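What you see is a predicted model; the values in this text were computed from it and never measured. Chain A is the first sequence line, chain B the second, and so forth, proteins listed ahead of strands; every chain is numbered from 1.
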Protein chains: 2
Amino acid sequence: MKGSKDHLIEKTFEAFFELEDMREIIRRSLPTGMSAVEEDAFMKSTANLKSVIEALEKGTSEKQANFPQIVDRIGLRYREEGNINIQPIQAAGRLTPEARKALISYGDGYSTCDSCRKPFRLDKISRPPIADFHEELAGFVNMDTARVVPGARRGFQAVTSSLVEKDDPVIVSSLAHYTEFLAVEAAGGKIREIPLDDDNKVDVGSTAEKIEDVIREDGKPPSLMMMDHFDYQYANEHDIKSIAGVAHDYDIPVLYNGAYTVGVMPVDGKKLGADFVVGSGHKSMASPAPSGVLATTDEYADLIFRTTQMKGDVTGRKFGIKEVEMMGCTLMGGTLLAMMASFPHVKKRTQNWDEEVRNSNRFMEEFLKIEGNKVISEYPRRHTLTKVDTTQTFDKVAKEHKRRGFFLSDELSKLGIVGMFPGATRAWKLNTYGLSREKIDYLSDAFKEIAVKYNLNVD
Amino acid sequence: MKGSKDHLIEKTFEAFFELEDMREIIRRSLPTGMSAVEEDAFMKSTANLKSVIEALEKGTSEKQANFPQIVDRIGLRYREEGNINIQPIQAAGRLTPEARKALISYGDGYSTCDSCRKPFRLDKISRPPIADFHEELAGFVNMDTARVVPGARRGFQAVTSSLVEKDDPVIVSSLAHYTEFLAVEAAGGKIREIPLDDDNKVDVGSTAEKIEDVIREDGKPPSLMMMDHFDYQYANEHDIKSIAGVAHDYDIPVLYNGAYTVGVMPVDGKKLGADFVVGSGHKSMASPAPSGVLATTDEYADLIFRTTQMKGDVTGRKFGIKEVEMMGCTLMGGTLLAMMASFPHVKKRTQNWDEEVRNSNRFMEEFLKIEGNKVISEYPRRHTLTKVDTTQTFDKVAKEHKRRGFFLSDELSKLGIVGMFPGATRAWKLNTYGLSREKIDYLSDAFKEIAVKYNLNVD
């Protein structure tokens, strides 16, 4: 490429922003068309845009890139354009071009609601095809009914709020995400963790024992089990199916936390024994935040998605089929439309999960050639999120370096790699999801190059 | 303008979408730059974009506009570009150009979290300036502390979940929004409505009596009052300050529902006697959905924004300052950044509220020149959302028209006016918020023109 990447990024965003200014002129004009003044402004903007495109065509630029601001104090974000982003939780939430187009067109808050008709509920809207999307979502995780929610955590909350009474124990993993803790706490319940085995996996063998202990100690059976298929700490795979099986022996409903699975790998809720499947849109479904999915079976749908029974004592008003735990409608506007726009791609990509895992292991093999590097997560990897240990390598360098632990993120960002926690050189996480083979190899070479630069041994 | 508006809209969105395709090529390329193949694709896209711009410059086009699709089955939304939108709840949520630019740049789910550091909570992030924004939000409604929430309803939920115990009565208006009903129902409380006076306003005089009745009948004092400053039905102004005063005489905390005020008019929470102020981003703050604000006083902040106390029984894990009712972090990504990008404009526009109300009345004066048209809301208007009655005019036409009630929305959309409920010709709502004087006059003329066409009397 003739032009530097920064130059291309600068000009691309300049073009976007010029177009938004043009769009605003269109929005302000009368249906009959633009006034002379508006037309002048529009044509001036069009000319600006044209010169931006010409600068893009010319490609090269001497001067340093000067990225446009969005508004005072809010600069441009171009992390995904300028770098390889290995940030542990961002990788699978990265938007598809389709999602970004949906955000442009449907960004206005109530854009989903233009054709909302009786019975006035988001999941019943047929234009755009929101109702169909809900059906497809349920099928996608092989459950009976699904709703979109503002983040997986709001899915947890809807379930705990429906099932967990005050002081009820709720069984979780010893690697449960903090939002599960909060959902239980909000409902007034108590967290009861299943211990891990020596491989940092939920100890299936002690599940029954734990349930027995809880029944004895808390004086009542757990009203819910929440279990992460892959945990946020190591992204180790946990034997959901067996654990759920034990829970069901005690008639404990099971919530499958698919924040790290739904949207990246095939998930069959019923086969796994889930009564509830929760997924995260911004974590694993290439969707904007906050977004997520809560799916359940016919057995629990009427409870979790119960409609309002409240009646005004003076007016007698009732609000029909609005669902209590959803607070009525959940995800309006571009957030939902972007989720829908990404969905065809998301469905397809779950079929490529094996390739993603191969790339994750392909990177780790090279990363481990730096003598002393360790993988803390289960290895070989079954996921693209991995916790590594560089205490014997980069952390030793950090001790001598004037920038201390920051030297590593410094060196990586010089090579266009971002997303590792700045300053971390002991145990830290990265995620290779969605990276092409070329980027995987570039990433491997980068770490080895830095290792060599600091006289670490590389096989 | 030489070109038809449709042509301009078509080409503008074509340019946006071409740019997203170019952006995707940049995203896929290595930090070192594009491969030859990527460069070819990028240059091809640049050429396409250039020809789109040239079509924009030429302006005119013979052929009918052919709007680009976002993805199969999801068409373009260009309601705001092609029409005057009088939809009752959409007007003040319409995005600013700054918000749209923020969505383009920050659309990826976790874009807010690049610089998230200890203590790892959204409202503490300083780059982008999310922490400052939270301070400004609290000041904006003159309260002590504020949090962003995924919609006003989630603000109601946080308050009821914190204050309302099982079977507690909660006082609301007889025009309370259904999400207040749901928030009370989710917390296990009971709705108790204050009656309206003859002008469809909450009857201040009967507030004390209602509270007394509730205490007698329900056997305990209400644990909360939720009151809409302007209701969703008529957008009548209710005497919040006096009503809150009565509630405080009984030590009942007051939630001020500012879904129709925060972001469009100045709101002074403390002066109004609010213990909680809730606003809606997508309804009144030119922000994407779902978004909103929950603000409170120092007296209640520790309760509503209490941090987690839950502790893992096996691991002893605790999650520090994560707030239970917020479920940790709330609005990530472009939703929050767009809200922040709109905020400077939103702050400014609240100072223009009188002008907005003048425009609302300016339209109504003309609308009422159609003999038989009525305004059901209080008149003269104090808000831009208004309920009107056309039973004696357009509804009579509808009875004779082959399209029945749809004739009116048909006629309006022919004139580039959308957003009235299709088929409604008796009592219906419209909102003039944000319309320029020119659009107000265009709108007035349109209704009178349709009236004349159907032989209704117009003064």
Side-chain angles (χ1 to χ4, degrees), chain A residues 1 16-17 20 24 26-27 30-31 33-34 39 46 50 53 56 70-71 73-74 76-77 80-81 90 93-95 97-98 100-111 129 150 153 174 178 181-182 185-186 191 193 195 282 288-290 310 312 314-315 319 324 327 332-333 341 416 442, chain B residues 1 16-17 20 24 26-27 30-31 33-34 39 46 50 53 56 70-71 73 76-77 80-81 90 93-95 97-98 100-111 128-129 150 153 174 178 181-182 185-186 191 193 195 282 288-290 310 312 314-315 319 324 327 332-333 341 416 442:
Chain A
M1 190 82 202
F16 270 123
F17 292 2
E20 282 296 358
E24 188 64 12
I26 296 175
R27 284 186 164 211
L30 291 174
M34 293 184 185
E39 186 172 341
T46 311
K50 205 174 174 187
I53 309 304
L56 262 179
I70 289 163
V71 62
R73 291 166 60 211
I74 301 182
L76 196 68
R77 184 183 190 258
E80 303 292 349
E81 289 74 21
Q90 291 183 2
R94 208 178 279 136
L95 298 184
E98 296 74 27
R100 298 197 302 267
K101 292 172 185 177
L103 276 185
I104 289 172
S105 178
Y106 285 85
D108 295 300
Y110 280 108
S111 59
R153 61 196 70 199
S174 283
Y178 83 86
F181 273 53
L182 294 181
E185 188 169 1
I191 284 286
E193 299 166 305
H282 48 271
M310 193 63 60
V314 170
T315 62
F319 294 101
V324 177
M327 291 283 123
M332 289 82 90
Y442 180 93
Chain B
M1 190 85 202
F16 270 124
F17 291 2
E20 282 296 357
E24 188 64 13
I26 297 176
R27 283 186 165 211
L30 291 174
M34 294 184 185
E39 186 172 342
T46 311
K50 205 174 175 185
I53 308 304
L56 262 178
I70 289 163
V71 62
R73 291 166 60 211
L76 196 67
R77 183 184 192 256
E80 303 292 350
E81 288 73 22
Q90 291 184 1
R94 207 178 281 137
L95 298 185
E98 296 73 28
R100 299 197 301 267
K101 291 172 185 178
L103 276 185
I104 289 172
S105 178
Y106 284 85
D108 295 300
Y110 280 108
S111 60
R153 60 196 70 198
S174 283
Y178 82 87
F181 273 53
L182 294 181
E185 187 169 4
I191 284 286
E193 299 167 306
H282 48 271
M310 192 63 61
V314 170
T315 62
F319 293 101
V324 177
M327 290 285 124
M332 289 81 91
Y442 180 95

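The parts of A:Phe16 that come within reach of chain B are both its backbone and its side chain, each placing non-hydrogen atoms under 4.5 angstrom from that chain. Only the side chain of A:Tyr442 comes within contact range of chain B, judged by heavy atoms closer than 4.5 Å. With a threshold of 4.5 angstrom between heavy atoms, A:Val314 approaches chain B through its backbone and through its side chain.
With hydrogens and angles ignored, the 3.5 Å screen pairs a side-chain donor or acceptor of B:Asp108 with a backbone N or O of A:Leu95. Remark: side-chain polar atoms of B:Glu39 are not paired, donor with acceptor, to backbone N or O of B:Met34 under 3.5 angstrom.
Among A:Glu193, A:Glu24, A:Arg94, the residue making the largest number of heavy-atom pairs under 4.5 Å with chain B is A:Glu193. In terms of heavy-atom pairs under 4.5 Å with chain B, the best-connected choice from A:Ser174, A:Ala186, A:Pro129, A:Ala102 is A:Ser174. Most heavy-atom pairs under 4.5 Å with chain B, from the set A:Ala341, A:Pro195, A:Ala289, A:Pro288: that is A:Ala289. Contacts with chain A were tallied for B:Leu103, B:Thr46, B:Thr315; B:Thr315 has the most, counting heavy-atom pairs under 4.5 Å. Per-residue counts of heavy-atom pairs under 4.5 Å with chain A were compared for B:Met332, B:His282, B:Met310; the largest is that of B:Met310. Interface remark: of the candidates A:Pro97, A:Gly93, A:Gly333, A:Pro97 forms the most heavy-atom pairs closer than 4.5 Å to chain B.
Relative ring orientation between B:Tyr178 and A:Phe319 is described as tilted, the plane-to-plane angle lying within the 30° to 60° band.
Salt bridge annotation for A:Arg100-B:Glu20: present, with a cationic side-chain nitrogen under 4.0 angstrom from a carboxylate oxygen.
A 4.5 Å side-chain heavy-atom check between A:Arg153 and A:Leu182 finds every atom pair outside the cut-off.
Partners of A:Ser105 according to the side-chain contact (heavy atoms from CB on, under 4.5 Å) rule, which considers only residues two or more places apart in sequence or in another chain, are B:Phe13, B:Ile70, B:Leu76, B:Arg77.
Closest approach of B:Pro290 and A:Pro150 over heavy atoms only: CG-CB, 4.2 Å.
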